[in-house]
Each structure stands twice: as structure tokens, then as C-alpha cells.
Amino acid sequence: MKILITGAAGFIGANFVYHLLENRPDWEITALDALTYAGNLENLKSPLEAKQIKFEKVDICDEEDLARVFSSTQFDQVYHFAAESHVDRSILSPNEFVRTNVLGTQNLINNARKYEVSKFIHVSTDEVYGTLGETGRFVEETPLDPSSAYSASKAGSDMLVLAAFRTHGFNAVVTRCTNNYGPYQFPEKLIPLVISNVMEDKKLPLYGDGTNVRSWIYVRDHCEAVLRVGEKGAAGEVYNIGGPLESEVPNKEIMLKILSILGKSEDLIEYVTDRLGHDFRYAVDSSKLKNATDWEPSISLNEGLETTINWYKENTEWWQKIKSGEYMKYYEKNYGDRS
Ligand code: NAD
Ligand code: DAU
């Protein structure tokens with residue numbers, strides 16, 4: 001099986017590469033990434049050195065370069081992870097989100113159709129559904145109601161993939177997952193930001209009153225779900241992917257859990273101005289996926305957090321390099337004075 005993974009040098013894409021190397025060792029993997037601020041070849045260091053994968057530095061908005069990749073290998077499947085992925089950045093600079101998430105996805109669809117790729121797996125997000133109140137869960141039929149330029153651009157990309165199925169019979173599936181955490185996550189996202197700040201005795205910025213709820217899934221559980229959708233998902237279908245029930249917690253509680261594991265004081269928490277358009281709560285019903293593929297999350301929140309914190313402890317160089325580079329200048333400039 002020859003497969004193309006887009007966004008492979010990012011957080012989930014890199015974890016997906018490792019997941020396949022362990023579980024589908026005979027697959028031939030081409031890893032594609034534009035290496036934006038979020039893409040990092042360090043994430044793929046060992047498979048690259050061992051020549052277990054091929055790497056292509058390509059922007060999915062560059063039609064010519066993308067066509068070169070598709071014409072050089074007859075891919076059986078495309079797993080599409082590449083995206084601008086951070087909500088806060090989409091509030092500050094939305095255009096890049098429209099470019100990559102909408103235009104880039106259409107370019108991939110065009111090439112996958114032209115070069116007769118057998119199946120296209122589009123990795124999307126539960127944020128396309130908008131926000132929930134205190135109760136309820138998103139199902140696949142929940143109307144799309146995105147709140148940010150990130151989620152609106154992802155909703156646009158989902159629509160383009162599903163439109164290609166309806167118009168051309170394009171064999172594509174869409175997945176919509178809740179909040180991931182685990183190794184290699186860029187330290188602008190809540191969990192790695194909190195872990196690394198605690199380790200540096202820095203303040204933990206908690207948006208609003210800290211009661212917003214997220215439902216967390218360990219990244220390898222997400223990877224296994226995407227793989228099962230790739231193997232068993234039906235064309236034109238959407239599958240929600242959610243974590244274990246106990247992993248649905250308010251943001252303040254996640255901070256307290258991490259502080260407790262690392263043995264630090266709650267005094268590090270600092271309430272800051274809320275995110276604009278901040279979705280209150282996400283939670284998905286993944287029973288459609290369970291019925292179709294027998295998938296269920298296997299890693300509890302406590303177990304996943306322990307593993308993740310240990311990874312950040314053992315890989316301080318990885319995140320310190322990121323936090324001391326361009327990213328910190330960006331962070332200070334945009335969020336330095338919001339308390
Ligand atoms: P990430 O930001 O860590 O990685 C995205 C990768 O895409 C980076 O390596 C980046 O360099 C690459 N990229 C960006 N623009 C590109 C372009 N124009 N051409 C080629 N490559 C480009 O994101 P992530 O958290 O790994 O998310 C991966 C996918 O999963 C995204 O599509 C995201 O919407 C989706 N998702 C993420 C989560 C989550 O909690 N992180 C949850 C559900 C769905
Ligand atoms: O639900 C899936 C989505 O989860 C993915 O599609 C996105 O790519 C991913 O970034 C994530 O979006 P969130 O906006 O939920 O994740 P983030 O880590 O940015 O924030 C999680 C929660 O924590 C959210 O309610 C905002 C809050 N927060 C975040 C940061 C960065 C804080 O309170 N302080 C912070 O410093």
C-alpha cells in the first residue's frame with residue numbers, strides 16, 4: 001500500500017506516521033509538509049534517518065509542486081492532516097486559514113481525482129459544529145455552525161470533500177475529532193503550554209473564568225480511529241471521534257491535574273481576558289464509528305496525561321528550542337499583555 005500523509009511534520013501527522021510504522025510496517029509512506037511554524041522535521045527524525053519514509057517539502061497550495069508529487073507515485077490512499085490549526089491565530093490572521101484549509105484541500109482533491117487515488121481520508125474537527133451548552137453531544141447530523149475562522153475554514157474543507165463525493169463519486173471520508181494531546185504537540189496549545197510553563201515556573205494563562213469544557217483524546221487513539229476509517233469507512237460518510245467519557249473536563253481542572261502531577265502550586269494559574277467567540281463546550285458521540293469499525297478510545301485521561309508529561313520531561317530540548325525561537329517573539333507580541 002502506497003500512502004501520502006499531508007501535514008506529517010505536525011503534531012498528529014507525525015504521531016500517525018509512528019502509528020503506521022508500528023502497525024502497518026509494510027506500507028510505503030510519503031510524508032508531505034510545508035514546514036510552517038508548526039511543522040518540525042525533528043518530529044520525524046528517526047524514520048527519516050532510517051529511510052523508513054520519504055519526505056516532500058511541499059505547500060498544498062502550490063498546484064504545480066503538488067502535481068509533481070502525485071505524478072511521481074501512484075498513491076492508494078491520502079491521509080490529509082495539513083492545516084492551519086490554532087484558533088487564537090485564526091482570530092489574528094484568518095487569511096492563511098482560508099488559503100491552506102480551503103484552497104489547499106481543493107488542490108488535494110483535484111490531484112487525488114486526477115491521479116485516481118483509491119481513497120481520501122480528510123481529517124477534520126468537532127469545532128465545525130460550533131459550541132454546546134452544559135449538556136448534549138454532537139452527532140454527525142448536527143448542523144455546521146463554526147465560531148472561528150479556523151473552524152469555518154475546516155467546515156469549508158469538509159464541504160468541498162463531500163461535494164466531490166456527491167458530484168464525482170470521489171471515494172472520500174471525513175473524520176471529526178475532539179481535542180488531542182500527547183507527544184510532539186506544539187506548545188501554543190493548552191496542554192503542552194501548561195506542562196512546559198509549569199516546568200519553567202511560568203504563569204498559566206486561563207481564559208475567561210476557566211469553566212469552558214473540552215473533551216480530550218490521547219493522540220494515538222485518534223490515529224487508530226483515522227486508520228480504521230481509512231480501512232473500513234464508507235465513501236461520503238462523516239465519523240465523529242471522541243475520547244473516554246471521563247476526559248470531558250473544564251479547563252481549570254486540566255490545569256489543576258497537571259499541577260498536581262508535577263507537584264506545583266495552583267498559584268501559577270492566572271485568569272486572563274477571554275478568547276473572542278470562545279466556544280463553551282465540545283463533546284461528540286462516536287457511536288457511528290464504533291458500530292462501523294469497533295473502535296473505542298483505549299487510553300484514560302490520567303494515563304494519557306502521565307505519558308504526555310513524561311514525554312515533555314524527557315524531551316525538554318524539543319520544546320525549549322521552540323519556545324526560545326521565533327514562536328516566543330510571536331507569543332509575547334500578541335499575548336504578552338492580556339492579563
Ligand atoms: P499542527 O498545526 O500541529 O500541524 C499541521 C501541519 O500542517 C504542520 O506540520 C504544518 O507545517 C502543515 N501545514 C500547514 N500549512 C500547510 C500547507 N499549506 N501545505 C502543507 N503543509 C502545511 O496541527 P495538528 O494539531 O497536528 O492537526 C492536524 C489536523 O488534525 C488538522 O487538520 C486539524 O484541523 C485536525 N484536528 C486537530 C485536533 C487537535 O486537537 N490538535 C483535533 C481534531 C482535528
Ligand atoms: O476540538 C478540536 C480542536 O481542538 C482542534 O480542531 C484544534 O486544532 C485544536 O487547536 C483544539 O482547539 P481548542 O481551541 O479547543 O484548543 P486550545 O488548546 O487552543 O484550547 C483549549 C481550551 O483551553 C480552550 O477552551 C481555550 C483554553 N485556553 C487555551 C490556551 C492556549 C486557555 O484557557 N489558555 C490558553 O493559553
Side-chain angles (χ1 to χ4, degrees), residues 5-16 31-41 43-44 56-62 65-66 79-91 96-97 99-101 103-105 107-108 122-129 131 138 146-148 150-151 153-154 157-158 175-182 184-194 197 203-217 219 222 226 240-243 250-252 254-255 269-275 278-284 331 335 338:
I5 304 176
T6 73
F11 162 49
I12 307 175
N15 275 283
F16 190 66
L32 178 153
D33 202 292
L35 300 180
T36 68
Y37 81 93
N40 186 349
L41 274 188
N43 299 355
L44 298 174
E56 294 278 3
K57 182 177 184 307
V58 171
D59 180 342
I60 56 170
C61 300
D62 182 336
D65 215 13
L66 206 52
Y79 288 84
H80 177 32
F81 293 89
E84 285 294 334
S85 70
H86 192 46
V87 174
D88 291 329
R89 285 184 188 247
S90 81
I91 296 168
E96 194 50 35
F97 287 72
R99 197 186 84 92
T100 285
N101 300 356
L103 180 63
T105 299
N107 283 342
L108 281 166
H122 177 62
V123 178
S124 191
T125 169
D126 62 352
E127 292 202 25
V128 297
Y129 298 120
T131 189
F138 297 127
S147 305
S148 69
Y150 164 65
S151 48
S153 61
K154 289 295 291 189
S157 66
D158 291 16
T175 64
R176 294 185 180 142
C177 189
T178 54
N179 288 59
N180 285 223
Y181 67 101
Y184 301 107
Q185 188 167 27
F186 196 86
E188 65 186 346
K189 304 279 165 70
L190 183 71
I191 288 185
L193 178 82
V194 169
N197 278 14
K203 290 284 185 192
L204 313 179
L206 183 56
Y207 296 172
D209 61 6
T211 58
N212 295 64
V213 175
R214 292 294 181 269
S215 162
W216 297 96
I217 183 171
V219 61
H222 182 193
V226 169
N240 287 344
I241 304 172
N251 293 335
K252 183 168 180 193
I254 273 287
M255 286 195 177
I269 295 179
E270 179 177 53
Y271 289 91
V272 299
T273 311
D274 206 357
R275 171 184 280 173
H278 195 175
D279 286 334
F280 174 66
R281 173 173 166 261
Y282 305 137
V284 302
Y331 195 87
Y335 308 118
R338 63 186 167 180

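The structure displayed is predicted, hence computed values, not measured ones. Ligands are counted one by one from 1 in listed order, and the atoms in each one are counted from 1 as well.
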In ligand 1, which numbered atoms sit nearer than 4.0 Å to a non-hydrogen atom of [X]?
{"X": "Y150", "answer": "33 (C), 34 (O)"}
{"X": "N179", "answer": "40 (O)"}
{"X": "V58", "answer": "19 (N), 20 (C)"}
{"X": "D59", "answer": "17 (C), 18 (N), 19 (N)"}
{"X": "T178", "answer": "42 (C), 43 (C)"}
{"X": "V123", "answer": "30 (O), 32 (O)"}
{"X": "K154", "answer": "31 (C), 32 (O), 33 (C), 34 (O)"}
{"X": "S124", "answer": "43 (C), 44 (C)"}

Only heavy atoms count here, so choose which of [options] is nearest to [atom].
{"atom": "atom 25 (O) of ligand 1", "options": "Y79, F16, F11", "answer": "F11"}
{"atom": "atom 23 (O) of ligand 1", "options": "A31, S85, G39", "answer": "S85"}
{"atom": "atom 10 (C) of ligand 1", "options": "L103, V219, T36, T6", "answer": "T36"}
{"atom": "atom 5 (C) of ligand 1", "options": "A34, A83, G7, A14", "answer": "A83"}
{"atom": "atom 24 (C) of ligand 2", "options": "K252, K203, Q185, H278", "answer": "H278"}
{"atom": "atom 16 (C) of ligand 1", "options": "T100, L41, L32", "answer": "T100"}

With a heavy-atom distance limit of 4.0 Å, tell me whether [X] approaches ligand 2 through its side chain, its backbone, both, or neither.
{"X": "E188", "value": "backbone"}
{"X": "N179", "value": "both"}
{"X": "D126", "value": "side chain"}
{"X": "L193", "value": "side chain"}
{"X": "C177", "value": "backbone"}

Could you tell me whether some N/O pair between [X] and ligand 2 is separated by less than 3.5 angstrom?
{"X": "N212", "answer": "no"}
{"X": "L190", "answer": "yes"}
{"X": "Y207", "answer": "yes"}
{"X": "T178", "answer": "no"}
{"X": "Y331", "answer": "no"}
{"X": "W216", "answer": "no"}
{"X": "P205", "answer": "yes"}

Numbered atoms and elements of ligand 2 in range of [X], under 4.0 angstrom, heavy atoms:
{"X": "Y150", "value": "5 (C), 6 (O), 7 (C), 8 (O)"}
{"X": "Y282", "value": "1 (O), 15 (O)"}
{"X": "T125", "value": "1 (O), 2 (C), 3 (C), 5 (C), 6 (O)"}
{"X": "V87", "value": "14 (O)"}
{"X": "L206", "value": "33 (O)"}
{"X": "H86", "value": "19 (O)"}
{"X": "R214", "value": "15 (O), 22 (C), 24 (C), 25 (O)"}
{"X": "K189", "value": "10 (O), 18 (O)"}

Using the side-chain hydrogen bond (donor to acceptor under 3.5 Å, both in side chains) rule, take Y37 and E188 through it: C-alpha gap first, then chi angles, then the decisive distance, then the call.
-> CA-CA 11 Å; Y37 81 93; E188 65 186 346; 2.7 Å; yes
Would you call the rings of [X] and [Y] parallel, tilted or perpendicular if under 30° counts as parallel and over 60° as perpendicular?
{"X": "Y282", "Y": "F138", "value": "tilted"}
{"X": "F81", "Y": "H222", "value": "perpendicular"}
{"X": "H122", "Y": "H80", "value": "tilted"}

At what distance is the nearest protein heavy atom to [atom], and which residue and atom is it?
{"atom": "atom 19 (N) of ligand 1", "result": "I60 N, 3.0 Å"}
{"atom": "atom 4 (O) of ligand 1", "result": "G10 CA, 3.5 Å"}
{"atom": "atom 41 (N) of ligand 1", "result": "I12 CD1, 3.7 Å"}
{"atom": "atom 8 (C) of ligand 1", "result": "D33 OD2, 3.6 Å"}

Please assess N240 against Y129 for the test side-chain hydrogen bond (donor to acceptor under 3.5 Å, both in side chains), listing each intermediate value before the final yes or no.
-> CA-CA 11 Å; N240 287 344; Y129 298 120; 2.8 Å; yes
From OH (Y79) to OG1 (T6), nearest 0.5 Å | 12.0 Å
The reported gap from OH in Y335 to CG in L193 (rounded to nearest 0.5 angstrom) is 10.5 Å
Are Y335 and ligand 2 in contact, using a heavy-atom cut-off of under 4.0 Å?
-> no
Below 3.5 angstrom, do we get any N/O pair linking [X] and ligand 1?
{"X": "F81", "value": "yes"}
{"X": "C61", "value": "no"}
{"X": "N180", "value": "yes"}

Sub-4.5 Å side-chain heavy-atom contact between N101 and E84 = yes
Would you check if Y181 and I254 make a side-chain contact, meaning some heavy-atom pair closer than 4.5 Å?
-> no
Contact with ligand 1 for G104, non-hydrogen, under 4.0 angstrom | no
State whether E96 and R89 are salt-bridged, where the test is any N-O pair (Lys NZ or Arg NE/NH1/NH2 against Asp/Glu carboxylate O) under 4.0 Å.
-> no
Checking L32, I60, L103 against L108 for side-chain contact (heavy atoms from CB on, under 4.5 Å), the one that qualifies is I60
